[in-house]
Number of protein chains: 4
Amino acid sequence: MFHIDQRSSTPIYQQLIQGVKEALLRGGLRFGDKMPSVRELAGQLAINPNTIQKAYQELERQGVIESLRGRGTFVCQHIEAHADLARQAEVNEALRKALIEAHYLGLGAEQIMAMVKEHLHDLSIGGE
Amino acid sequence: MFHIDQRSSTPIYQQLIQGVKEALLRGGLRFGDKMPSVRELAGQLAINPNTIQKAYQELERQGVIESLRGRGTFVCQHIEAHADLARQAEVNEALRKALIEAHYLGLGAEQIMAMVKEHLHDLSIGGE
Amino acid sequence: MFHIDQRSSTPIYQQLIQGVKEALLRGGLRFGDKMPSVRELAGQLAINPNTIQKAYQELERQGVIESLRGRGTFVCQHIEAHADLARQAEVNEALRKALIEAHYLGLGAEQIMAMVKEHLHDLSIGGE
Amino acid sequence: MFHIDQRSSTPIYQQLIQGVKEALLRGGLRFGDKMPSVRELAGQLAINPNTIQKAYQELERQGVIESLRGRGTFVCQHIEAHADLARQAEVNEALRKALIEAHYLGLGAEQIMAMVKEHLHDLSIGGE
DNA sequence: GTGGTCTAGACCACA
DNA sequence: GTGGTCTAGACCACG
């Protein structure tokens with residue numbers, strides 16, 4: 001269901017969060033869908049249930065999913081991003097860092113722009 | 001000389017690496033320049049020398065600077081990055097993640113592209 | 001498990017790296033094996049954990065082992081070394097130096113060749 | 001006169017020692033030849049005179065050269081290597097290490113043997 | 001003075 | 001439990 005790279009330096013639970021958000025963007029997951037249970041997903045991905053739990057909690061905290069006692073966990077309406085300045089600066093820094101690294105890989109501005117456009121299209125991110 | 005955020009969750013030594021690379025791109029550091037000594041920089045930034053050392057060693061491994069025994073550490077000519085596929089995929093993922101996060105912040109494609117362009121210009125990253 | 005000479009002038013962490021590589025060649029360690037944890041090995045060898053850590057990180061950088069967060073460190077499939085010219089020249093020089101030193105010890109070409117062959121056999125280094 | 005690599009990880013003074021021994025083997029230096037003065041060589045190689053001094057002292061200690069007060073430093077008769085067991089083990093280890101690294105570079109036994117033979121021929125190291 | 005190594009001991013995030 | 005980061009302080013070789 002989600003692609004997890006055990007070797008990646010980014011924590012598994014963050015990869016999961018990332019994966020859910022991406023699935024939402026690409027349409028694999030829709031508002032109201034039921035998420036697999038913690039145990040089920042842990043089994044499928046061969047990952048420690050604690051790790052799944054941690055990801056779900058974080059996603060709930062971010063308002064992406066919600067868990068209803070006894071019924072399961074569901075994707076909920078995407079709430080408009082609150083203009084959290086700290087978070088904005090953080091994302092901006094991550095972007096800047098990625099661009100620097102891309103340049104150190106030998107890529108020029110045009111190539112980098114092309115990559116960005118491809119990603120945006122791939123993720124179905126359109127105009128405002 | 002470099003901006004370090006002690007509170008940030010990203011390791012200090014990585015912030016330093018990032019800072020050196022940025023200074024190089026923006027022209028604050030040039031090929032052949034002598035880097036401040038480990039102890040000196042440690043003093044200026046109020047950081048343990050070992051942490052500076054770790055950053056310098058990693059930068060040396062990446063071919064950004066070189067250490068000459070007993071003489072000091074110097075910025076070296078930037079050799080075209082070797083096409084390390086693993087690293088390339090890594091950077092690509094980081095970029096993708098940053099873009100997804102930017103979108104979750106409520107930014108549209110145009111705004112994101114504008115941000116990217118601004119960063120590239122700011123970092124003096126031009127055509128190949 | 002590994003033989004460390006505290007008196008040797010070569011750094012402990014390099015002796016460890018060397019030891020792991022040898023164990024791999026001789027079959028004491030195999031692909032997929034779990035390495036002893038940093039703390040465990042530190043205890044066994046009576047060496048500071050940081051030193052073990054340094055060795056492990058360098059081995060990971062060289063692609064010999066890989067660390068999985070929270071799970072441990074594992075020997076990984078030996079991927080064909082990338083043809084790093086600098087490194088190649090380095091090894092070539094080390095070999096040359098060793099041969100010169102062997103000659104200064106009073107050994108002739110035949111004896112040196114015999115030593116080389118013995119080492120290769122001992123390390124199970126066969127044809128390409 | 002001698003080839004020095006400022007960047008190499010092996011100390012400059014050791015490179016010098018190595019260079020003198022190699023010149024001796026290849027005939028560039030002969031018994032009785034006068035070595036350049038410390039200052040002269042320091043100037044030629046753009047190296048700190050202390051470093052040259054250190055190399056000369058070590059070479060004298062090893063019986064390769066001798067300095068005569070007021071006259072200069074001269075290459076002296078090559079004394080048959082004394083069977084220093086410690087040194088022998090040391091050289092043996094260096095050789096082993098070089099071979100392991102060569103293997104990790106992706107070289108097979110035949111290629112390594114060929115390299116060894118080439119070096120021996122290149123250094124004019126023949127039968128006992 | 002420079003960088004390089006090592007120790008001791010602490011704290012953290014991850015699984 | 002695992003590995004990863006950081007500090008404080010020490011010692012060494014090199015130039």
Side-chain angles (χ1 to χ4, degrees), chain A residues 4 6 8-16 42 45-55 58, chain B residues 4 6 8-16 34-42 45-60 65-74, chain C residues 4 6 8-16 34-42 45-60 65-74, chain D residues 4 6 8-16 42 45-55 58:
Chain A
I4 298 297
Q6 295 268 12
S8 165
S9 68
T10 65
I12 293 176
Y13 84 98
Q14 280 188 16
Q15 290 184 48
L16 248 179
L45 302 177
I47 284 177
N48 191 315
N50 291 337
T51 307
I52 310 285
Q53 183 74 356
K54 187 167 186 176
E58 178 61 20
Chain B
I4 297 297
Q6 293 271 12
S8 165
S9 69
T10 67
I12 294 176
Y13 84 98
Q14 280 188 16
Q15 291 184 47
L16 240 182
K34 185 177 186 308
M35 296 288 292
S37 82
V38 171
R39 291 164 172 83
E40 185 186 350
L41 193 53
L45 302 178
I47 284 175
N48 190 296
N50 287 334
T51 306
I52 309 286
Q53 179 82 314
K54 188 169 184 176
Y56 274 20
Q57 285 186 348
E58 180 59 25
L59 280 167
E60 185 166 15
I65 63 179
E66 65 179 347
S67 307
L68 300 184
R69 272 179 320 282
R71 292 182 44 197
T73 304
F74 303 84
Chain C
I4 297 297
Q6 293 270 12
S8 165
S9 68
T10 66
I12 294 176
Y13 83 98
Q14 280 189 16
Q15 291 184 47
L16 241 182
K34 185 179 187 307
M35 296 286 293
S37 83
V38 170
R39 291 164 173 83
E40 185 186 348
L41 193 52
L45 302 178
I47 284 174
N48 189 296
N50 286 335
T51 306
I52 309 286
Q53 179 82 312
K54 188 168 186 177
Y56 275 20
Q57 286 187 347
E58 179 59 24
L59 280 167
E60 185 166 15
I65 64 180
E66 65 179 346
S67 307
L68 301 183
R69 271 178 321 282
R71 293 182 45 197
T73 304
F74 302 85
Chain D
I4 297 298
Q6 295 268 14
S8 165
S9 69
T10 66
I12 294 177
Y13 83 99
Q14 279 188 18
Q15 290 185 47
L16 248 180
L45 302 178
I47 284 177
N48 191 314
N50 291 338
T51 307
I52 310 285
Q53 183 74 356
K54 188 167 186 176
E58 178 61 18

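Quick note on labels: first sequence line is chain A, next is B, and so on, each numbered from 1. Below, each value reflects all heavy atoms present in this structure, side chains not excepted, and no hydrogens, waters or symmetry copies. Computed from a predicted structure; not experimentally measured.
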Give a yes or no on whether a donor-acceptor pair under 3.5 Å exists between the nucleobase atoms of F/dG4, that is its base, and the side chain of C/R69.
-> no
Nucleotide paired to E/dC14 in any strand shown, Watson-Crick or G-U, under 3.5 Å = F/dG1
Among F/dC6, E/dT7, E/dT5, the one nearest any side-chain atom of C/P11 is E/dT5
DNA chain E: 5'-proximal contact among B/M35 and C/A46 (nearest heavy atom) = B/M35
Starting at CG of C/L41 and ending at P of E/dT7, how long is that distance when rounded to a whole Å?
-> 12 Å
Please round to the nearest 0.5 Å and tell me the distance separating atom CG of B/L59 and atom CD1 of B/I65.
-> 4.5 Å
DNA chain E: 5'-proximal contact among C/T51 and A/Q14 (nearest heavy atom) = C/T51
Taking atom CG of D/N48 and atom OH of D/Y13, what is their separation to the nearest 0.5 Å?
-> 14.5 Å
Per atom distances to the C/R39 side chain, the nearest of F/dT7, E/dC12, E/dT5 is E/dC12
Distance, rounded to the nearest Å, where D/Q15 contributes CD and F/dC14 contributes P = 12 Å
Which nucleotide, E/dT5, F/dA8, F/dT5, lies nearest any side-chain atom of C/Q57?
-> F/dT5
For C/I47, answer base if it contacts any base atom (sugar-phosphate contacts may also be present), sugar-phosphate if it contacts only those atoms, and nothing otherwise; contact means non-hydrogen atoms under 4.0 Å.
-> sugar-phosphate
Looking at C/K54, does any N or O in its side chain come under 4.0 Å of the phosphate oxygens OP1/OP2 on E/dC6?
-> no
Winner on side-chain proximity to B/V38, out of E/dA15, E/dG3, F/dG4, is E/dG3
Output for pair (A/T51 OG1, A/Q15 CD), nearest 0.5 Å, gives 11.0 Å
Touch check for C/I12, heavy atoms < 4.0 angstrom, all strands: base, sugar-phosphate only, or nothing?
-> sugar-phosphate
Would you mind telling me which of F/dG3, E/dT7, E/dC14 lies closest to the side-chain atoms of C/S67?
-> F/dG3
Of the options B/Q57, B/E60, B/Q53, which is the one that meets B/S67 in a side-chain hydrogen bond (donor to acceptor under 3.5 Å, both in side chains)?
-> B/E60
Whole angstrom value for the distance that separates P of F/dC14 from CD of D/E58 = 10 Å
Phosphate OP1/OP2 of F/dC6: any B/Y13 side-chain N/O under 4.0 Å = no
Select base, sugar-phosphate, or nothing to describe what C/Y56 touches, counting heavy atoms under 4.0 Å on all strands.
-> nothing
Sorted by position of nearest nucleotide on DNA chain F, 5' first, the leading residue of C/K34 and D/T10 is C/K34
Would you indicate which nucleotide in F/dG4, E/dT7, F/dG15 comes nearest to any side-chain atom of C/E60?
-> F/dG4
Check the distance between E/dC14's P and A/L45's CG and give it to me in whole angstrom.
-> 18 Å
Using whole Å, report how far CG of B/L16 lies from C1' of F/dT5.
-> 14 Å
Could you state the interatomic distance from CG (D/L16) to CD (D/E58), rounded to the nearest 0.5 Å?
-> 12.0 Å
When rounded to the nearest 0.5 angstrom, what distance separates OG1 in B/T73 from CD1 in B/I52?
-> 11.0 Å
Starting at atom CD of A/Q6, determine the distance to atom P of E/dC14, rounded to an integer number of angstrom.
-> 15 Å
Phosphate-side-chain proximity, B/Q53 and E/dG4, N/O vs OP1/OP2 below 4.0 Å | yes
Is C/N50 side chain donor-acceptor paired with the F/dG4 base, going by distance under 3.5 Å alone?
-> no
Proximity to the side chain of A/N48 - top-ranked nucleotide from E/dT5, F/dT2, E/dA15 = E/dA15
Ranking E/dC6, E/dC14, E/dG3 by distance to the side chain of B/T73, first place goes to E/dG3
